[in-house]
Each structure stands twice: as C-alpha cells, then as structure tokens.
Amino acid sequence: MTIENTIAEHIQKAVSVLYQSEIGIDSIVIQETRKEFEGQVTVVTFPFTRLSKKTPEQTGAEIGEYLKEHIQEVTAFNVIKGFLNLSISDSYWIDQLLNNVLNEGFGQFPANGKRVMVEYSSPNTNKPLHLGHVRNNLLGYSVAEILSANGYEVIKVNLVNDRGIHICKSMLAWQLFGNGETPESSGLKGDHLVGKYYVIFDQEYKKQVAELVEEGQTEDNGKKNAPVIRQAQEMLLDWEAGDPAVIALWSMMNSWVYAGFEQTYNQLGVDFAKYYYESDTYLLGKDIIDEGLDKGVFFEKEDGSVWIDLTEDGLDQKLVLRANGTSVYITQDLGTAQLKYDDFKVDKSIYVVGNEQDYHFKVLFLILQKLGKPWAKGLYHLSYGMVDLPSGKMKSREGTVVDADELMDDMIRTAQERTEELGKVDGFSEAEKADLYNMIGLGALKFFLLKVEPKKRLLFDPNESIDFQGHTGPFIQYTHARIRSVLAKADYKTRISSNHSLELTILERELIVNLSKYPGVISAAAMEYSPAHIANYVFELAKLFNKFYHEESILKAEDTSVRNFRLDLASACAVTINKGMALLGIRVPARM
RNA sequence: GCGCCCAUAGCUCAGCUGGAUAGAGCAACGGUUUUCUAAACCGUAGGUCUUAGGUUCGAAUCCUAAUGGGCGUACCA
C-alpha cells in the first residue's frame, strides 16, 4: 500500500465525515509537491469544493486537519490556493528506502502468468542494417525487457525477410559482376558484401533504363524492359520453382548475410528466442482466405481475386488474394500471425514496425478480429517514427544510409578518445579498456535513440556527433561509476543502516521520493510500450544524485549513522540506475 | 481527394489520467577543484506551448477548424 493510496482512502472517509458526501477514488487527484513548497504529496482540492460548499482554502484546511489526525505518516500540512500539501514523516521515507527500495526485487513485478511475443528487427537479407534498424532493434529489445520486468513471460522473435525480388537483385548483380567474390576473398562482412551488389544492381538498372529512354522508350517502359530487372524477375520465378542452382546461390549469399547480422546483433546486444523466415511462411494464409470466404468476411470478384470490404470501418476495400491465387503481403501476414499464435499461445503479440506500415497493421488486426480470432485483441503494432538525415530519407539502394556497424564503431572510437583525453583509465587492463569504450560508446548511442518517444521521428545528423555530456547515456554511466567509487572506498557490501529516526535533508528526502517512483515508471513504460519514460526517469535520478553528491558528503558525514544511511541511499541510487539502464539494454561501468 | 502521425526556448527533447510561476540537455555568457571521480555542480539569459475558436473553477494537455511537416492510400514487402 503506497502512501498515496492511504491518503486517497482517508480522503474518501474525510469527505464522508465532514461533508456527508461520497467521492469516487478517480476524482481524487494526488501528485508530487512542487519543489518550491513544503511537503512531498499534494492533493488538489478543487474537486471537493462542490461538496463542501466552501472555498478551496477552507476545504483544504479541513481535509488536511483530518488527514493529519488519522494518518500517522502525515506530520504537517499547508494549503496554498487549491492545493493541500502534505508533509510525510522522515521515518516513513527511511523505511521506504531500507525495506522497499533496497529489496532485491524492487521494480521487478511478480510473474503474472501471461505470455507476450515481441517481434522486432525483421531485416531484409539483401543489405546490412542501418540506423533505422538500430532504432527498431533497441526499441524491441527494450520493450521486451520492460514487459519482462512487469511480470510477463516474453518471447522475442525475428521475422527475416529472406526472399523476394530484392534478394534476387543482389544475387543477380553478384552473378554478373561478382567474379566469385566472397566475404573471405574480399575481407568484407557478409551483409556488406551482399549490400554492395544490391547497390551495383541499382546502378546498372538505372544505366539500362537511361539507355532505353535514349533509344526512344518511355520512362515507364524503360523501367519494365531493362534487361537486369527482367532477369531478376525470372530469377524469382526460378527460385519459387525450386531451381537448384538459384536455391544454392540464395542459400550461400543468405548464409553470408546471417553471419554478418549475427555480429551486428551481438554488438548491439540484442537476441531472439526464435527466427521465422519468410521463405517458410510466404505461402501461408491461403487457408485463412478459405476460412474468411466461408464465414462471409471476404468476397470474391469476377476475376477470382479475393477482397475484404472495410468501408464501414472507415477504411477501403483491400485485396487479400490475387486473381491467379497467389498471396500478397497481407495474406502471408495473416498466415504468420496464426502460426505465431499456434506456436506459443501468447496473450499479447507486439509488432515493432515503422509507422509507414500503420495502415497495414490496422487492416491486418481488423481482419483477424472479423474472422473471430480470440487472440486478435492481444495484437499491438508498436509503431515508431523514421530516422531521417538532414538530407532526407535514408535509402540503401542509393547508399545514403548511416550504416549500423560503422556507426557503432565510430561511437566506440569517440568514447575511447574522450576517455583518453580525460585520462580516466589508469590501472585498466587492455581488455577492461576495450569493454569500457564499448559500454560508453553504445550507451551514448542507445540512450540517444531511446530517450525520444517512439512515435516521434528522429533526426540524426552524422556531422554532429552524439553527445557524451548532459542528457546522455555517459552522464548516467558516470553517475553510477561515481557512486560505486564511493561505495568501494567505504568497503560497502550490503544494507548497513538501522536508524529510522534520522532527520533527513531536503535532497535525501527528494532522492527517496524519486527512488520510490521507480516501479510506477516501469509499469507506465510497459503500458505505453515506451522505453523513453525509463530513460528520462533514470536521467532525472542521476541528476538529482549528482546534486546531492556535490552538496552533502557521504564518507565524511557528521556521524556514523548518517554516513551509513547515505551509503545505503547512494547504493540504492546505483542499483536503480543499473536496473533502469539494463531495461534499455545499456550497461553501466563500475569505474570510468 | 481521403486517412493516420507530428508541431513546446536558437537546436534536441520532457511535461503522467486537464491543476500552482511550462521544465531539462546542448549551444551562449559568468562562477565552482588542497575536501567522496569537474563526463560533475551552481548561476545568467532564452517561451504569445503553430494559429483561431470551444468545453472548464482551471487547457501545452480535451474537442473543432486552419496552417506547416512526415507517412500512407499497390494485384511491392
């Protein structure tokens, strides 16, 4: 039972006793007291004035008096305009710290018996990952961690788009221009090698289109008739027909890509319980089409194509099966959704996919609901904004992308330079240094991407390096290292204070109030699928600690009980920072 | 055309279900190190919360419309 709940309940009683009225728990607004006023918890009294028929000030005073009398922890109150500010006893806050915040499981909710799937990453196998994928991966990973902290059993899956015309483009270009180049022979990471031929294909394609236009064809015809695109289309047909040579080439090039992706995923620190491959799932969904026709959810047009009419739901008519009986994107997604459910019987399923597919998922989920799938209500599209460059959209084909591997390497290198400038690595082994640079570089990158609300688009300027100071990952990592350094000096191991009757300083109290908010932040982050809440919370905590650290000495506190208490408090901050950052996939060092 | 999303300080962003004088970071200017790590801390300056209406005791927050930007509206994925 939190203090807010206790207060809310007593307010109901107070209203009943004082004004002979009932008030719903929802209309009681309790918030944190603003710093410039005395107290920690504030009740907004405007909603009660209707019942009391008195001024907000009088009402506040009467309720404040009642609360002070009936709740032990409420030691004092003041009323300013319509706001009743309550002071909660120091012993309550100290107890919170020692018996709640410092507990092992603080911020980890007990298992709720529910299972949730998070699908993220979903790369194409014709090119390496870029910054947009990085945002996707970090979001997916973090949301999975957050749900896990909220008591869900989480299954992370990756649906790999390993077939289709785009892969054939890379394959064809490699056949035509590759001269048998391999990752070994070229020294290139497999995904980068394949991506290189994707770009070469596009260059060749454009050249051929230009030639055809030169010869008098229209732009559109040129695009259709260019020999390379024809060849790529043929290759796709051969692939679907199971042509052994094409399949062998496809397998080989895909294996290069997977080796490359694995490295990138390792570096990013993300993982998956299961991979789904579109080469296995692209034919799924036909039985769902039959089911939908039987149920009258779908209808067939004269040419044999199958549609759903969503005009009553404010959407359009949507094709779900071509006239020739082949699938479209949504057909296989219908099938894959069923497959994923059958595999794991999940209560919720999160799709981490960019916002350009908002309409697709709206339609997908609506169709599954209309089909009466009971699990359809657990589907959620975690839609996030594009990562744009100052020059506009990233395009792999044209090579205007921020490459994931290069960016991570850059960040780590910058971390190294910064750290060496500051001369902070005395006594580190080479391996420890490498690990530290990795932690800081990736910490900066991950925090940069995760601190922004997912649905907002993100602007990334490659010419302005990501900061290491201020509202950043390294700032928080530094705060953690600072605390650990103090704890190490004191040879601190575990909770040591027992004195509950200390008088707290303002900053100590503020810190505990802040720490107490952590579980609420975790559940809000899960509710909204937003790591940004956690990022901003941890930043606030770190900032507050730094202020405290600067103004009040821990090791040289005025007496032992204060010193021990501050060590516990500092430790609680370090642990909470660590936990919060872990939910973002960011590691924190003990020294930096 | 229609639909969805976004708009807060010079820049990048917070602002929870409507609540007190709208907050951080960066950049600018000034200060703090014989004292637990200065990747830190303190201060100054910077805002008609895109605009216009509406609801309310009270609106950055909710509703309507407009403007600007992004995305979608494929028998591509």
Side-chain angles (χ1 to χ4, degrees), chain A residues 26 29 31-34 36-37 42 44-47 49-50 56 80-83 85 122 124 161 163-166 278 282 303 305-307 314-316 318-324 326-333 354-360 362 383 385-386 388 393 415 418-419 421-422 424 440 444 448 451-453 455-459 461 464 467-479 481-490 520-521 524 527-528 532-533 535-537 539-540 542-543 545-557 563 566-567 570 591-592:
Chain A
D26 306 336
V29 180
Q31 57 197 28
E32 223 180 306
T33 304
R34 292 178 65 113
E36 58 268 38
F37 302 110
T42 291
V44 182
T45 60
F46 290 109
T49 53
R50 206 166 28 86
I80 294 165
K81 291 193 266 183
F83 301 90
N85 303 319
S122 318
N124 292 342
N161 188 355
R163 66 164 283 282
I165 189 74
H166 49 286
E278 285 199 15
Y282 82 106
D303 63 359
S305 58
V306 181
W307 296 72
L315 305 176
D316 302 316
K318 179 88 186 170
L319 176 93
V320 293
L321 195 72
R322 293 190 185 105
N324 64 11
T326 57
S327 303
V328 289
Y329 177 39
I330 200 147
T331 323
Q332 48 173 295
D333 257 10
N355 65 6
E356 74 274 17
Q357 294 200 36
D358 284 357
Y359 185 75
H360 171 75
K362 215 173 183 179
S383 160
M386 302 278 96
D388 290 326
K393 253 187 116 164
R418 281 291 294 156
T419 309
E421 271 168 35
L422 294 168
K424 293 247 189 180
I440 297 174
F448 174 80
K451 74 176 178 188
V452 180
E453 210 50 53
K455 71 174 166 184
K456 296 211 176 177
R457 63 191 274 268
L458 206 56
L459 192 75
D461 188 345
E464 274 177 47
D467 277 328
F468 285 71
Q469 286 172 1
H471 192 183
T472 68
F475 171 90
I476 297 163
Q477 291 172 317
Y478 173 75
T479 308
R482 229 181 186 185
I483 298 172
R484 290 287 297 274
S485 163
V486 174
L487 297 180
K489 282 211 167 72
V521 173
M527 215 106 77
E528 294 169 40
H533 285 302
N536 290 313
Y537 166 80
F539 171 65
E540 206 179 303
K543 202 153 47 101
F545 179 84
N546 279 327
K547 192 182 169 85
F548 164 73
Y549 177 90
H550 198 260
E551 291 184 16
E552 292 167 27
S553 182
I554 299 168
L555 296 177
K556 289 175 186 154
R563 180 188 129 127
R566 286 185 181 167
L567 282 167
R591 291 188 292 161
M592 72 182 269

Do the side chain of A:Lys451 and the base of B:U12 come within less than 3.5 angstrom through a donor-acceptor pair of N or O atoms? no
Once you round it to whole Å, what is the distance between P of B:G15 and CG of A:Asn536? 7 Å
Using a cut-off of 4.0 Å on non-hydrogen atoms, how would the nucleic acid contact of A:Gln477 be classed: base, sugar-phosphate, or nothing? nothing
Angle between ring planes, A:Phe46 versus A:Phe83, binned at 30° and 60°: parallel, tilted or perpendicular? perpendicular
If you compare every side-chain N and O of A:Lys81 against the phosphate oxygens of B:U21 (OP1, OP2), does one of them come in below 4.0 Å? yes
Classify the nucleic acid contact of A:Asn85 as base, sugar-phosphate or nothing, counting any heavy atom under 4.0 Å across all strands shown. base
Using whole Å, report how far CZ of A:Phe539 lies from C1' of B:A24. 6 Å
Atom NE2 of A:His360 and atom C1' of B:C76 are separated, to the nearest Å, by 12 Å
A:Arg322 side chain vs A:Ser327 backbone, donor-acceptor pair below 3.5 Å: yes
Regarding A:Arg482 and A:Asn546, is there a side-chain donor-to-acceptor distance under 3.5 Å anywhere? yes
Which part of the nucleic acid, if any, lies within reach of A:Asp333 when heavy atoms closer than 4.0 Å are counted: base, sugar-phosphate only, or nothing? nothing
Between the side chain of A:Arg566 and the main-chain N/O of A:Ser553, is any donor-acceptor distance below 3.5 Å? yes
Reckon A:Phe37 touches a base, only the sugar-phosphate, or nothing at all at heavy-atom distances under 4.0 Å? base
Between C1' on B:C41 and OH on A:Tyr478, what's the gap in Å once rounded to a whole number? 10 Å
With a cut-off of less than 4.0 Å, is there a side-chain N or O of A:Lys543 near OP1 or OP2 of B:A24? no
When you measure only distances, ignoring hydrogens and angles, does the side chain of A:Thr419 come within 3.5 Å of the base of B:A39 through a donor and an acceptor? yes
Answer yes or no: does a side-chain N or O of A:Lys455 lie under 4.0 Å from OP1 or OP2 of B:G70? no
Write down the distance separating the P atoms in B:U50 and B:C11, rounded off to the nearest Å. 13 Å
Heavy atoms under 4.0 Å, any strand shown: does A:Glu278 hit a base, just sugar-phosphate, or nothing? sugar-phosphate
In whole angstrom, give the distance that lies between atom CD1 of A:Ile330 and atom P of B:G72. 16 Å
Please determine whether a side-chain nitrogen or oxygen atom of A:Arg322 lies at a distance below 4.0 Å from atom OP1 or OP2 of B:C76. yes
B:G30 -> Watson-Crick or G-U wobble partner, both distances under 3.5 Å, gives B:C42
Checking N1-N3 plus N6-O4 or O6-N4 for Watson-Crick, or N1-O2 and O6-N3 for wobble, each under 3.5 Å, the partner of B:G25 is B:C11
What is the separation between atom NZ on A:Lys318 and atom C1' on B:C75, rounded to the nearest whole Å? 10 Å
Report which part of the nucleic acid A:Thr326 touches: base, sugar-phosphate, or nothing (heavy-atom distance under 4.0 Å, all strands). nothing
Would you say A:Arg457 reaches B:C6's phosphate, i.e. side-chain N/O to OP1/OP2 under 4.0 Å? no
Nucleotide paired to B:C36 in any strand shown, Watson-Crick or G-U, under 3.5 Å: none
Where the side chain of A:Thr42 meets the backbone of A:Asn85, is there a donor-acceptor pair that is under 3.5 Å apart? no
From A:Lys543 NZ over to A:Thr479 OG1, what is the distance, rounded to the nearest 0.5 angstrom? 11.0 Å
Would you kindly give the CG-to-C1' distance between A:Asp358 and B:C2, to the nearest whole Å? 16 Å
Of A:Pro474 and A:Glu32, whose nearest nucleotide on RNA chain B comes first from the 5' end? A:Glu32
Check whether any side-chain heavy atom of A:Lys451 lies under 4.5 Å from a side-chain heavy atom of A:Phe539, and answer yes or no. no
Between B:U21 and B:A39, how far apart are the C1' atoms? Round to whole Å, please. 33 Å
Pick the C1' atom in B:C13 and in B:G47, then give their distance to the nearest Å. 15 Å
Kindly indicate whether the side chain of A:Asn546 and the base of B:C42 share any N or O donor-acceptor pair separated by less than 3.5 Å? no
Does the B:A20 base have a donor-acceptor partner in the side chain of A:Thr42 within less than 3.5 Å? yes
Need the pair for B:G1. Rule: Watson-Crick or G-U wobble, both distances under 3.5 Å, any strand; none if unpaired. B:U73
A:Phe475 and A:Tyr478: aromatic ring centres closer than 6.0 Å? no
Between A:Lys456 and B:A7, is there a side-chain N or O to OP1/OP2 distance below 4.0 Å? yes
What interatomic distance, in whole Å, is found between C1' of B:C5 and the corresponding atom of B:C41? 40 Å
Check every strand shown and say whether A:Met386 touches a base, only sugar-phosphate, or nothing at a heavy-atom separation below 4.0 Å. nothing
Could you walk me through whether A:His360 and A:Asp333 pass the side-chain contact (heavy atoms from CB on, under 4.5 Å) check? CA-CA 10 Å; A:His360 171 75; A:Asp333 257 10; 2.8 Å; yes
Check if the side chain of A:Asp467 and the base of B:A27 share a donor-acceptor pair of N or O atoms closer than 3.5 Å. no
Give A:Ala490 one of three labels, base, sugar-phosphate or nothing, depending on what nucleic acid heavy atoms sit under 4.0 Å from its own. nothing
For B:U37, take OP1 and OP2 only and decide whether either is under 4.0 Å from a side-chain N or O of A:Lys424. no
Mind checking A:His533 for me? I need base, sugar-phosphate or nothing, with any heavy atom below 4.0 Å counting as a touch. sugar-phosphate
Would you mind reporting whether A:Tyr549 and A:Ile483 have side-chain heavy atoms less than 4.5 Å apart? no
Output the rounded distance in Å from CZ (A:Arg34) to C1' (B:A22). 8 Å
For A:Arg50, report the nucleic acid contact type (base, sugar-phosphate, nothing); a contact means any heavy atom under 4.0 Å. nothing
Would you measure the distance from the P atom in B:U64 across to the matching atom in B:A22 and give it in whole Å? 27 Å
So what does A:Ile440 hit on the nucleic acid, given a heavy-atom distance under 4.0 Å: a base, only sugar-phosphate, or nothing? base
Please work out if A:Phe475 contacts a base, only the sugar-phosphate, or nothing of the nucleic acid, heavy-atom cut-off 4.0 Å. sugar-phosphate
Residue mapping more 5' on RNA chain B - nearest nucleotide basis, A:Gln31 or A:His471: A:Gln31
Classify A:Val29 by what it touches in the nucleic acid, base, sugar-phosphate, or nothing, heavy-atom distance under 4.0 Å. nothing
Would you say B:A77 has OP1 or OP2 under 4.0 Å from some side-chain N or O of A:Tyr329? no
With a 4.0 Å limit, can you tell me whether A:Ser553 has a side-chain N or O closer than that to the phosphate oxygens OP1/OP2 of B:U35? no
Rounding to the closest angstrom, what is the interatomic distance between B:C63 and B:G43 at atom P? 38 Å
Within the pair A:Arg482 and B:A38, is there a side-chain N or O less than 4.0 Å away from OP1 or OP2? yes
Could you tell me which nucleotide pairs with B:G68 by Watson-Crick or G-U wobble geometry, both distances under 3.5 Å, or answer none if nothing does? B:C6
